[in-house]
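The chains referred to below are lettered A, B, ... by the order of the sequence lines, with proteins before strands, and numbering in each begins at 1.
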Amino acid sequence: MSDQELKLETMRHSASHVMAEAVVSLFPGARLGIGPATSEGFYYDFDLPHPLTSEDLPAVEAEMKRIVAADLPFVREEVDRAQARRLFEAQPYKLELIDDLSDESLSIYRQGSLIDLCRGPHLDSTGQIGAFKLLNIAGAYWRGDERRPMLQRIYGTAFATQAELDDYVKKLAEIEARDHRKLARQLDLISFHEEAGAGLAYWHPRGGLMRVLIEDYWRRQHYEGGYDIIFTPHIGRAHLWETSGHLNFYKDGMYSPMDIDGQDYYIKPMNCPFHIMIYKTRLRSYRDLPLRWAELGTVYRYERSGTLHGLLRVRGFTQDDAHIFCTPEQIEEEILRVLDFSLNMLRGFGFDDYKVELSVRDPQKPEKYAGSDAMWGQAESSLVKALTARNLAYQRQEGEAVFYGPKIDIKIMDALGRPWQCSTIQFDFNIPERFDLTYIGEDGRQQRPYMVHRALLGSLERFFGVLVEHYAGAFPVWLSPVQVVIIPISDRHLDYARQVEAELRSDGLRVQVDARPERMNLKIREAQLQKVPYMLVIGDKEVTASQVSVRLRSGEDLGKQSIAEFGAAVRAAIAARK
RNA sequence: GCCAGCGUAGCUCAGCGGUAGAGCAGCGGUUUCGUAAACCGCGGGUCGGGGGUUCGAUUCCCUUCGCUGGCUCCA
């Protein structure tokens, strides 16, 4: 952490203490949870007799301003456990924290009327807190545990200067303006329906067209990348899910079974067991491997109602799934290949900035994991080698691997610098074992293949939501549902407009003529709001010159061009995936 | 699932005990117009669903569904 970051974090942490003092003075009897700084600001958790609403925030903020203006010093003291227990005797959550700390001497901070158990550091005094603002309130379980009491959390943020705070507030407004839930409605892409069920997305014609474009690109890339594309059913017998283990370790994510001829069938939450079925249709030789099988597989998972969020968290979604079956000797090359393939795919959609995480097992608890030490060792080293070979910075996360294998997660960074988890490349040491997958090796004996599970876009729904937010709805030309809107100034320009339309259509462009008896200004405005990349204004001058006037959605006026010239420019932009 | 808030016309929102309103959109006209909203008129809502309190509920209470912000979890 840089000095500057530490300073900011310290200030935010101090601000959270000031907020605690303000809340305690406004709501006597408040019990304090914890109040740390976060990457964006700070929060404090309270157990209050009174349920907080956003209407309480101005009063808290005003009280905080008073405390800041009073410039109260933050005073650090060291106390022993007994003293600490006495000081916080009315604060059960603090007592629990004290009991969990092993140190004999504990630090406390005082400022004004507040005493808090806290490691620090803090500012010298409340007056050093810069510009701050309370943002929202939310429920939060004590220590993140849903079996513990639900506390009330107030989120806020603070910056050294008012200008920085203003920028941050502006950024929040920008995030809101890009919200895919709002844009998906405005651009007529996607809807959800209360009467039809929560967390289930409906793709409208324009959204559907974009999805087709995404899928077509995806399929082409996969065939070029050495994958085969398969299709599997949506439901499978209980027996399958018992074998795969899903009925043991993933039951909470699965929907109740349906009865078909006296047998339980489950709708699939994952595609892997189905791909396995295909693998097992014949004896596989080492000569057949690697097999790379991809599927746009639609799965359904139970997600708790409170976690649903537009397209980013739904109950039914299509994964761009694939399973790679290979020999241990092939694994390094396969990992490198899938890593390159992923990054290339993401770049195709305009994502050039990534955050990579390598999740490995907890070395202390080898018994928690499926697969042998040797397999984990080889898997991990092949992942590391691939990352190193491509010079990718990554964060190693000890103990974050799933029980069945280590993995690489790639988070794409959007235009606002927010990370989104989409791609994941996971080893699976569990399923091949459970389904007794084999191939005949060079030695003529049965061997166990390695299996790698990977999704690049993650789910089409989430990826689409991320695309909307990344581009704020102004998609690259190749993805824009309507690429060109032709705007005749008056009815007498319609014939020529139709001619331009036909010509551009024959070039494969998605073109529409706005033939309504409306004014040009209105048509421009609406095309602009629909984020159409090109607007062609056609009046007397254009008809006479056999040209078109090109306006971009940026507002830029490119002036007059010939139809051929314009068509070529658009085709070039499409080819460059701009 | 849990805590808090919110569900009023297609959208954005006002009204909050006496039976519903605006702007935009839609529809019908008039206007044929040079780079982000022409003008006039009309229709449109069992005020999310169910139950209760009340002479009377969009307004108060309960319940249910959905949404929002979080917690938890993940593609």
Side-chain angles (χ1 to χ4, degrees), chain A residues 43 45 47-48 50-56 135-155 176 179 181-182 185-186 188 191-199 250 252-253 269-271 297-299 301-321 402 409 420-424 426 453-463 465-466 487-494 516-530 535-542 549-553 555-559:
Chain A
Y43 66 82
D45 289 342
D47 187 349
L48 297 176
H50 147 93
L52 287 175
T53 73
S54 51
E55 278 140 46
D56 294 314
L135 299 169
N136 46 22
I137 49 175
Y141 296 108
W142 169 237
R143 304 191 124 181
D145 184 340
E146 63 188 63
R147 290 163 306 196
R148 311 295 309 269
M150 173 76 60
L151 307 181
Q152 302 188 67
R153 175 173 295 177
I154 302 179
Y155 282 95
E176 205 184 323
D179 192 318
R181 293 165 297 184
K182 195 167 143 187
R185 183 175 52 237
Q186 286 169 355
D188 197 13
S191 60
F192 290 90
H193 301 276
E194 173 176 350
E195 64 269 46
Y250 202 74
D252 290 349
M270 294 188 192
N271 304 299
T298 302
V299 298
R301 299 182 184 174
Y302 173 71
E303 296 291 348
R304 306 207 286 180
S305 58
T307 66
L308 300 175
H309 181 91
L311 287 167
L312 301 179
R313 172 54 69 73
V314 290
R315 284 180 172 157
F317 55 96
T318 300
Q319 289 185 305
D320 69 317
D321 212 352
V402 264
D409 289 327
W420 301 97
Q421 156 90 61
C422 293
S423 311
T424 181
Q426 310 185 339
H453 169 111
R454 56 96 289 199
L456 307 184
L457 310 180
S459 85
L460 291 179
E461 284 75 7
R462 174 178 293 178
F463 188 73
V466 172
I487 300 175
I489 291 181
S490 83
D491 288 352
R492 67 176 177 278
H493 309 119
L494 248 174
R516 296 174 302 168
E518 294 288 350
R519 295 174 68 222
M520 173 201 65
N521 290 301
L522 182 87
K523 296 178 184 180
I524 288 177
R525 176 181 153 80
E526 291 188 351
Q528 197 82 46
L529 290 174
Q530 286 299 306
M535 286 153 257
L536 300 183
V537 175
I538 286 174
D540 292 337
K541 292 180 239 168
E542 287 75 15
S549 279
V550 185
R551 180 192 160 103
L552 305 181
R553 61 188 160 191
E556 200 183 341
D557 187 348
L558 297 187

Student: How many Å lie between CD on E146(A) and C1' on rU72(B), as a whole number?
Tutor: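 To the nearest whole Å, that distance equals 6 Å.
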Student: Less than 4.0 angstrom between a side-chain N/O of H309(A) and OP1 or OP2 of rG69(B), yes or no?
Tutor: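 The answer is yes; a side-chain N or O of H309(A) sits under 4.0 Å from OP1 or OP2.
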Student: Is it the case that the side chain of E461(A) and the backbone of R313(A) share a donor-acceptor pair, with hydrogens and angles ignored and the cut-off at 3.5 Å?
Tutor: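 Looks like no, no N/O pair under 3.5 Å.
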Student: Among the candidates rA75(B), rA38(B), rC33(B), find the nucleotide nearest to the side-chain atoms of R301(A).
Tutor: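 For R301(A), the side-chain atoms sit closest to rA75(B).
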Student: Regarding S549(A), tell me which of base, sugar-phosphate or nothing describes its non-hydrogen contacts under 4.0 Å with the strands shown.
Tutor: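 Base contact - S549(A) has a heavy atom under 4.0 Å of at least one base atom.
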Student: Measuring only the C1' atom in each nucleotide, how far is rU8(B) from rU46(B)? A whole number of Å is fine.
Tutor: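 That atom pair is separated by 13 Å.
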Student: Please name the nucleotide paired to rG5(B) by Watson-Crick or G-U wobble geometry with both distances under 3.5 Å, or report none.
Tutor: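 When the pairing criteria are applied, rC67(B) turns out to be the nucleotide that pairs with rG5(B).
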Student: Is any N or O donor-acceptor pair between the side chain of Y141(A) and the base of rG1(B) shorter than 3.5 Å?
Tutor: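 Yes, the side chain and the base share a sub-3.5 Å donor-acceptor pair.
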Student: Between rA37(B), rU35(B), rC74(B), which nucleotide has the shortest distance from any of its atoms to the side chain of R313(A)?
Tutor: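 Per side-chain heavy atoms of R313(A), the pick is rC74(B).
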Student: For RNA chain B, whose closest nucleotide is more 5', that of N136(A) or that of R519(A)?
Tutor: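 Going by which nucleotide is closer to the 5' end, it is R519(A).
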Student: Determine the interatomic distance between P on rA25(B) and the same-named atom on rC39(B); round to the nearest Å.
Tutor: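 rA25(B) and rC39(B) have their P atoms separated by 10 Å.
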Student: Could you tell me whether the phosphate oxygens of rG1(B), OP1 or OP2, come under 4.0 Å of any side-chain nitrogen or oxygen in R147(A)?
Tutor: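 Checking rG1(B) against R147(A), no side-chain N or O comes under 4.0 Å of OP1 or OP2.
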Student: For rC73(B), what is the paired nucleotide under Watson-Crick or G-U wobble rules, both distances under 3.5 Å?
Tutor: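 Answer to the pairing question: none, since rC73(B) forms no Watson-Crick or G-U pair.
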Student: Among the nucleotides rU35(B), rA36(B), rU12(B), which one has an atom lying closest to any side-chain atom of R185(A)?
Tutor: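 From the listed options, rU12(B) comes nearest.
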Student: Under 5.5 Å between ring centres and under 30° between planes: does that hold for F317(A) against the base of rA75(B)?
Tutor: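 Aromatic stack with rA75(B) present for F317(A).
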Student: OP1, OP2 of rC33(B) versus side-chain N and O of R492(A): anything below 4.0 Å?
Tutor: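 The answer is yes; a side-chain N or O of R492(A) sits under 4.0 Å from OP1 or OP2.
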Student: Of the nucleotides rG48(B), rG69(B), rC67(B), which has the atom closest to the A198(A) side chain?
Tutor: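 For A198(A), the side-chain atoms sit closest to rC67(B).
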Student: Looking at the base of rG34(B), is there any donor atom on it, or on the side chain of E542(A), that sits under 3.5 Å from an acceptor on the other one?
Tutor: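 Indeed, a donor on one side and an acceptor on the other fall under 3.5 Å apart.
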Student: Does this structure show an ion pair linking R143(A) with D145(A), if we count only N-O contacts that are shorter than 4.0 Å?
Tutor: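 No, this pair does not count.
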Student: Does the side chain of Y250(A) get closer than 4.0 angstrom to OP1 or OP2 of rC74(B) through an N or O atom?
Tutor: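 No, outside the criterion.
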Student: Nearest whole angstrom, please: distance from the C1' of rC11(B) to the CG of D188(A).
Tutor: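 D188(A) atom CG is separated from rC11(B) atom C1' by 12 Å.
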Student: Between R153(A) and D45(A), is there a side-chain N and carboxylate O pair less than 4.0 Å apart?
Tutor: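 Salt bridge: yes.
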Student: Does Q186(A) reach the main-chain N or O of L529(A) with its side chain, forming a donor-acceptor pair under 3.5 Å?
Tutor: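 Pair absent, no side-chain N/O of Q186(A) close to backbone of L529(A).
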Student: Using atom C1' of each nucleotide, how far apart are rG15(B) and rA36(B) to the nearest Å?
Tutor: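 Those two atoms are separated by 33 Å.
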Student: Return the value, rounded to whole Å, for the distance between atom CD of Q319(A) and atom C1' of rA75(B).
Tutor: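 So the two atoms are 6 Å apart, to the nearest Å.
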Student: Go through the N and O atoms of the side chain of E303(A) and the base of rA75(B), and report whether any donor-acceptor pair is under 3.5 Å.
Tutor: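 Under the 3.5 Å cut-off, the side chain and the base do form a donor-acceptor pair.
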Student: When you measure from the side-chain N and O atoms of R181(A) to the phosphate of rU68(B), is any distance below 4.0 Å, counting only OP1 and OP2?
Tutor: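 True: R181(A) side-chain N/O within range (under 4.0 Å) of rU68(B) OP1/OP2.
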Student: RNA chain B: Q528(A) or L52(A), which has the more 5' nearest nucleotide?
Tutor: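 Its nucleotide being nearer the 5' end, the pick is L52(A).
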Student: Using a cut-off of strictly less than 4.0 Å, decide whether T53(A) has a side-chain nitrogen or oxygen near OP1 or OP2 of rA4(B).
Tutor: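 For rA4(B), neither OP1 nor OP2 has a side-chain N or O of T53(A) closer than 4.0 Å.
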Student: Side chain of P517(A) only, heavy atoms from C-beta on: which candidate in rG34(B), rG1(B), rU31(B) is closest?
Tutor: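 Within the option list, the nearest is rU31(B).
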Student: R143(A) has an atom CZ; how far is it from atom P of rC3(B), in whole Å?
Tutor: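 So the CZ-P distance, R143(A) to rC3(B), works out to 22 Å.
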Student: Would you say a side-chain N or O of R153(A) is under 4.0 Å from OP1 or OP2 of rG70(B)?
Tutor: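 So the side chain of R153(A) is outside the cut-off, no N or O lying under 4.0 Å from OP1 or OP2 of rG70(B).
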Student: How close or far is atom P of rG70(B) from atom CG of L151(A), stated in whole angstroms?
Tutor: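 These atoms are roughly 17 Å apart.
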Student: Is there a Watson-Crick or G-U wobble partner for rU32(B) with both distances under 3.5 Å, and if so, which one is it?
Tutor: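 Check on rU32(B): unpaired, no WC or wobble geometry under 3.5 Å.
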Student: What pair of heavy atoms forms the shortest contact from P269(A) to Y250(A), and how long is it?
Tutor: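 Taking every non-hydrogen atom into account, CB-CE2, 3.6 Å.
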Student: Closest to the S490(A) side chain: rU32(B), rA36(B), rA75(B)?
Tutor: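 Nucleotide nearest to S490(A)'s side chain: rU32(B).
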Student: Between R315(A) and L308(A) (side chain of the first, backbone of the second, donor and acceptor by atom type, cut-off under 3.5 Å), is there such a pair?
Tutor: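 No.
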Student: Counting side-chain heavy atoms from C-beta on, which of rG69(B), rG34(B), rA37(B) comes nearest to L522(A)?
Tutor: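 Of the candidates, rA37(B) comes closest.
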Student: How far does the P atom of rC62(B) sit from the matching atom of rC67(B), given to the nearest Å?
Tutor: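 Comparing P positions in rC62(B) and rC67(B) gives a spacing of 22 Å.
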Student: Quote, to the nearest angstrom, the C1' distance that separates rU58(B) from rC47(B).
Tutor: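 It works out to 4 Å between them.
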Student: Could you check how far CH2 of W142(A) sits from C1' of rC2(B), rounded to whole Å?
Tutor: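 It works out to 17 Å between those atoms.
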Student: For rU32(B), does the base pair up with any side-chain atom of D491(A) as donor and acceptor (N or O, under 3.5 Å, distance only)?
Tutor: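 Under the 3.5 Å cut-off, the side chain and the base do form a donor-acceptor pair.
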Student: So what does Y155(A) hit on the nucleic acid, given a heavy-atom distance under 4.0 Å: a base, only sugar-phosphate, or nothing?
Tutor: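 Sugar-phosphate, no base atom in range.
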Student: State the CD1-OH distance between I137(A) and Y155(A), to the nearest 0.5 angstrom.
Tutor: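 Atom-to-atom, I137(A):CD1 and Y155(A):OH are 12.0 Å apart.
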Student: I'd like to know if R304(A) reaches the base of rC71(B) with its side chain such that a donor and an acceptor end up less than 3.5 angstrom apart.
Tutor: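 Under the 3.5 Å cut-off, the side chain and the base do not form any donor-acceptor pair.
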Student: Could you state the interatomic distance from CG (D557(A)) to CE (M535(A)), rounded to the nearest 0.5 Å?
Tutor: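 Taking CG in D557(A) and CE in M535(A), the distance rounds to 10.5 Å.
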Student: Would you mind pulling out the nucleotide paired to rG23(B), Watson-Crick or G-U wobble, both distances under 3.5 Å?
Tutor: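 Because both required distances fall under 3.5 Å, rG23(B) counts as paired with rC11(B).
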Student: Could you tell me which nucleotide pairs with rG18(B) by Watson-Crick or G-U wobble geometry, both distances under 3.5 Å, or answer none if nothing does?
Tutor: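 Pairing partner, where one exists within any strand: rC55(B).
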Student: Would you say the side-chain atoms of R454(A) pair up with the backbone N or O of D320(A), donor to acceptor, closer than 3.5 Å?
Tutor: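 Pair found, side chain donor or acceptor close to backbone of D320(A).
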Student: Closest to the N521(A) side chain: rU35(B), rG34(B), rA75(B)?
Tutor: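 Output: rU35(B).
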Student: What integer distance in Å separates M520(A):CE from rA36(B):P?
Tutor: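 Answer to the nearest Å: 7 Å.
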Student: Please give the distance between the C1' atoms of rA9(B) and rG45(B) as a whole number of Å.
Tutor: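 Per the computed distance, 5 Å lies between those C1' atoms.
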Student: Can you check the E194(A) CD to rC6(B) C1' distance for me, whole Å?
Tutor: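 Rounded to whole Å, this separation is 13 Å.
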